[in-house]
Amino acid sequence: MPAPHVSNANDPLERERAHLSSSRAALRAMRADVEALDIKDVTANWVNAAVLERQIEDRITALADLAHTPLFFGRLDYAHAPGADQAEGAKSEGAARSASGRGGGRATGGRFYIGRRHVHDADGDPMVIDWRAPVSQPFYRASKKEPLDVRMRRRFGYTGGDLTAYEDEDLTDTAAADQASKLLQAEIERPRVGPMRDIVATIQPEQDEIVRAGIGGTVCVQGAPGTGKTAVGLHRVAYLLYAHRERLARTGTLVIGPNRSFLHYIEQVLPALGELNVAQATVDDLVAHVEVRGTDSSAAARIKGDARMAEVLRRAVRSGVAMPRESVVVVRGSRRWRVPAYEIEEIVRELLDRDIRYGAAREALPQRIAHAVLVLMERAGEAPDDRVQDAVARNAAVKAAVKEVWPAVDPAKLVLRLLSDAEFLAEHAEGVLSAEEQAEILWAKPARGVKSAKWSAADAVLIDEAADLVARTPSLGHVVLDEAQDLSPMQYRAVGRRCTTGSATILGDLAQGTTPWATSSWEEALTHLGKPEAAVEELTQGFRVPREVIAYASRLLPAIAPGLAEATSVREAAGDFSVRPVAAGELDAAVVAACRESLEREGSTGLIAADARIAALGALLAEAGLPHLAPGEETTAEARLTLVPASLAKGLEYDYVVLDEPAAVVAGEPDERTGLRRLYVALTRAVSGLTVLHAEALPGQLG
């Protein structure tokens with residue numbers, strides 16, 4: 001494969017630059033057309049007008065030309081013009097015309113420019129094809145072994161927003177050996193400043209298979225550090241919104257991350273791909289029924305997160321149901337209609353046996369009693385209709401009977417009672433939780449009410465479970481759950497409720513599980529999620545973490561996740577890696593020196609340390625005149641150093657990482673295995689270089 005070309009007066013690169021310039025002009029014209037739309041006479045009312053205006057505003061935003069974001073990153077030259085089956089799905093905004101060979105030389109003869117979004121000219125002919133269109137798929141999948149009718153694949157190199165190089169791959173030359181793309185390698189190893197970027201120019205075949213998996217099934221991705229699992233999940237959302245836009249517009253999509261810092265880090269990826277309306281949240285956001293002001297011990301949190309709590313709550317929710325003691329007498333005019341207690345009891349038992357949600361059964365009960373009254377009326381020769389049944393269901397006597405037999409349940413009050421009342425908990429946890437476990441989760445000081453209670457994050461999940469037992473939680477069309485290995489079974493259930501009628505993309509790494517309840521297998525986790533049939537895909541080829549760094553971190557795998565395969569790195573550069581022992585009392589000075597050394601190079605730097613060391617290190621950096629950011633704050637050319645507590649490092653990446661005192665990171669966790677997993681996370685945040693500083697002895701697993 002030839003080396004990347006550089007520009008000269010006669011180089012084809014000039015023609016590619018001209019196409020880029022024309023494409024940018026066409027995109028500006030597309031945006032101007034939308035901005036010029038006059039909607040004052042096309043809507044029936046102000047509500048429709050407001051909705052349409054919002055849609056137009058979103059469209060204008062999506063059509064923005066980002067100066068430093070390449071409009072296209074590749075080109076495909078097909079041997080034959082693609083058929084209609086490849087054009088199907090790419091037809092939005094005139095993309096289907098590309099398959100017919102129209103386009104004034106831009107797509108004629110099976111030539112397609114692949115970019116982040118579709119761009120067409122004034123005649124509607126395509127100038128850039130969306131990377132998600134079927135006709136773009138061979139850009140990621142074609143090889144000399146399986147060229148997929150592609151004659152030549154071209155990749156483009158950019159400096160800022162300027163097209164500066166291109167590189168061709170002749171897929172018809174099967175005699176020549178495959179060679180790594182230099183431009184692809186350069187893009188993968190490009191320094192990281194700012195939030196997470198999209199990877200549309202570098203998606204690999206195994207990643208593309210996951211991205212384009214159908215919407216009908218749930219996919220679980222087990223991915224080692226640096227394998228791009230988070231990016232794959234986000235690009236899968238973008239692809240599904242492209243392929244099933246109308247469906248997902250009705251049902252909604254959601255990305256769930258482990259914390260706010262992580263969500264801030266990834267929040268620009270989907271907008272860069274033109275998707276502006278994907279909600280993002282943490283699990284705590286989903287279950288925010290009460291204000292969380294308290295914390296649990298590790299033992300209490302583990303018990304509250306156990307799936308057995310679902311059965312305890314189910315019993316507690318139904319505990320208020322009582323069999324009727326008296327008949328119900330309904331008075332209508334001069335007639336009295338009596339439904340005996342035994343008949344109401346039959347109705348109640350039938351509703352219990354059906355195991356429908358508590359609230360739905362409570363709404364059905366008065367209608368069932370009213371139906372029994374209508375049967376009596378018909379036997380007496382009357383001809384009541386549905387309006388009469390509704391009136392009887394609202395009768396004071398019927399409402400009183402329902403209140404006594406099937407009382408309303410407030411989920412928060414129910415959980416409050418479970419955690420405050422030892423007898424109530426014992427009654428409903430019998431045979432499920434041991435006496436010791438019950439004692440562990442009982443509050444030492446019962447709260448006076450819901451608002452005054454010091455709820456923990458695990459308590460909020462219990463309330464969410466109880467709320468779903470009372471009334472069904474609305475389901476979304478697709479949910480992406482990242483860092484899923486850290487969820488408790490009850491948290492999995494909370495997420496699963498949000499996609500009962502939809503699909504999900506589950507992302508995680510069992511080796512990075514750092515909570516006391518971290519899952520031990522994806523099969524178990526998917527069962528709690530309600531998606532036991534999901535396919536589990538494993539990504540082991542790393543793109544971001546240097547070879548020496550991932551090899552060093554992988555020494556911990558036998559202790560923290562013995563069943564996982566060791567990750568490999570495709571990066572040509574081994575990366576800057578050093579482990580530096582320092583004398584006791586000299587660690588702080590060594591940390592400052594290492595940070596200064598990293599900041600002399602291009603890119604971002606993360607100083608990762610045990611949570612207990614963060615305050616002292618913050619003061620140390622300030623004293624040394626090194627301004628620093630908190631996790632999630634955007635790095636810039638002027639502010640490139642971030643001080644990261646080890647507990648918040650998961651999912652984040654920095655060009656250079658300085659790791660302070662590994663032994664302290666391990667000691668900061670409740671047990672050694674969790675501590676070693678936390679250390680594994682910290683060791684694998686580096687994209688270009690890692691410096692490990694230690695005054696204490698390193699954990700023995702690192703050799």
Side-chain angles (χ1 to χ4, degrees), residues 55 58-59 62 85-93 95-96 114-118 129-141 196 198-201 203-221 223 228-257 263 266-281 286 474-482 484 495-508 526 529-531 533-537 539:
Q55 292 174 340
D58 287 348
R59 179 74 175 143
D85 57 333
Q86 285 179 281
E88 184 62 32
K91 57 190 175 185
S92 62
E93 305 171 346
I114 313 301
R116 286 167 173 78
R117 58 150 302 107
H118 174 86
I129 302 296
D130 195 301
W131 66 276
R132 297 167 288 188
V135 77
S136 302
Q137 182 174 320
F139 184 78
Y140 304 107
R141 303 270 189 99
M196 182 179 180
D198 65 70
I199 62 166
V200 289
I203 293 175
Q204 299 301 292
E206 65 272 20
Q207 295 175 323
D208 191 63
E209 289 182 11
I210 298 172
V211 168
R212 296 177 192 263
I215 193 173
T218 290
V219 178
C220 176
V221 182
K229 56 185 177 295
T230 296
V232 165
L234 294 174
H235 287 68
R236 176 158 163 71
V237 172
Y239 171 76
L240 292 176
L241 285 168
Y242 176 88
H244 307 279
R245 188 167 301 280
E246 291 186 5
R247 174 176 172 179
L248 292 177
R250 295 192 306 270
T251 57
T253 53
L254 174 66
V255 174
I256 303 173
L263 292 178
I266 68 171
E267 67 183 359
Q268 295 304 317
V269 174
L270 287 170
L273 299 174
E275 302 300 342
L276 308 174
N277 297 314
V278 178
Q280 296 184 352
L286 299 182
S475 174
L476 297 164
H478 192 79
V479 169
V480 174
L481 173 63
D482 206 349
V495 173
R497 286 191 283 277
R498 271 74 186 179
C499 55
T500 51
T501 59
S503 56
T505 302
I506 311 303
L507 312 167
L526 292 167
L529 191 75
K531 306 288 186 182
E533 76 292 345
V536 179
E537 305 287 348
L539 296 177

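Here the structure is a predicted model, which means the values were calculated and not measured.
G233 and V480 make their closest contact through O-CG2, 3.9 Å (heavy atoms, listed as atom of the first residue, atom of the second, distance). Heavy-atom minimum distance, A231 versus H235: O-ND1, 2.6 Å. Considering every non-hydrogen atom in both P205 and Y140, the closest pair reads CG-O, 3.3 Å. Between A504 and C499 the shortest heavy-atom distance is CB-SG, 4.1 Å. Among all heavy-atom pairs drawn from S503 and I215, the shortest one is OG-O, 2.8 Å. The two residues L286 and A281 have their closest heavy-atom pair at CD2-CB, 4.3 Å.
One finds the CD1 atom of I210 at 14.0 Å from the OH atom of Y239 (value rounded to the nearest 0.5 Å). Atom CD of E246 and atom OG1 of T251 lie 11.5 Å apart (nearest 0.5 Å). Q137 CD to I203 CD1: the interatomic distance, rounded to the nearest 0.5 Å, is 11.0 Å. Taken from CG in L539 to CD in E206, the straight-line distance is 6.5 Å, to the nearest 0.5 Å. Taking CZ from R497 and CG from L529, the interatomic distance works out to 10.5 Å, rounded to the nearest 0.5 Å.
Using a 4.5 Å heavy-atom threshold, the side chains of L234 and I266 count as touching. Looking at Q280 and L254, their side chains never come closer than 4.5 Å, going by heavy atoms from C-beta outward. L273 places a side-chain heavy atom less than 4.5 Å from the side chain of W131. Within the 4.5 Å cutoff, side-chain heavy atoms of V495 are placed close to those of V479.
No side-chain donor-acceptor contact under 3.5 Å links H478 and T253.
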Original post:
Taking it one step at a time, do I506 and D482 satisfy side-chain contact (heavy atoms from CB on, under 4.5 Å)?
Top reply: CA-CA 6 Å; I506 311 303; D482 206 349; over 6 Å; no
**OP:** Test side-chain contact (heavy atoms from CB on, under 4.5 Å) on R212 and R141 and set out the steps.
**Re:** CA-CA 11 Å; R212 296 177 192 263; R141 303 270 189 99; 4.2 Å; yes
**OP:** Would you sort out whether S475 and T500 count as a side-chain contact (heavy atoms from CB on, under 4.5 Å), showing the intermediate values?
**Re:** CA-CA 6 Å; S475 174; T500 51; 3.4 Å; yes
**OP:** May I have the step-by-step check of side-chain contact (heavy atoms from CB on, under 4.5 Å) for Q207 and I199, ending in yes or no?
**Re:** CA-CA 10 Å; Q207 295 175 323; I199 62 166; 4.2 Å; yes
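A salt bridge does not link E275 to R117: none of the charged nitrogens lies less than 4.0 Å from a carboxylate oxygen. Of the charged side-chain nitrogens involved, none lies within less than 4.0 Å of a carboxylate oxygen, so that E537 and K229 do not count as a salt-bridged pair.
Between the side chain of R498 and the backbone N or O of P474 there is no donor-acceptor pair closer than 3.5 Å.
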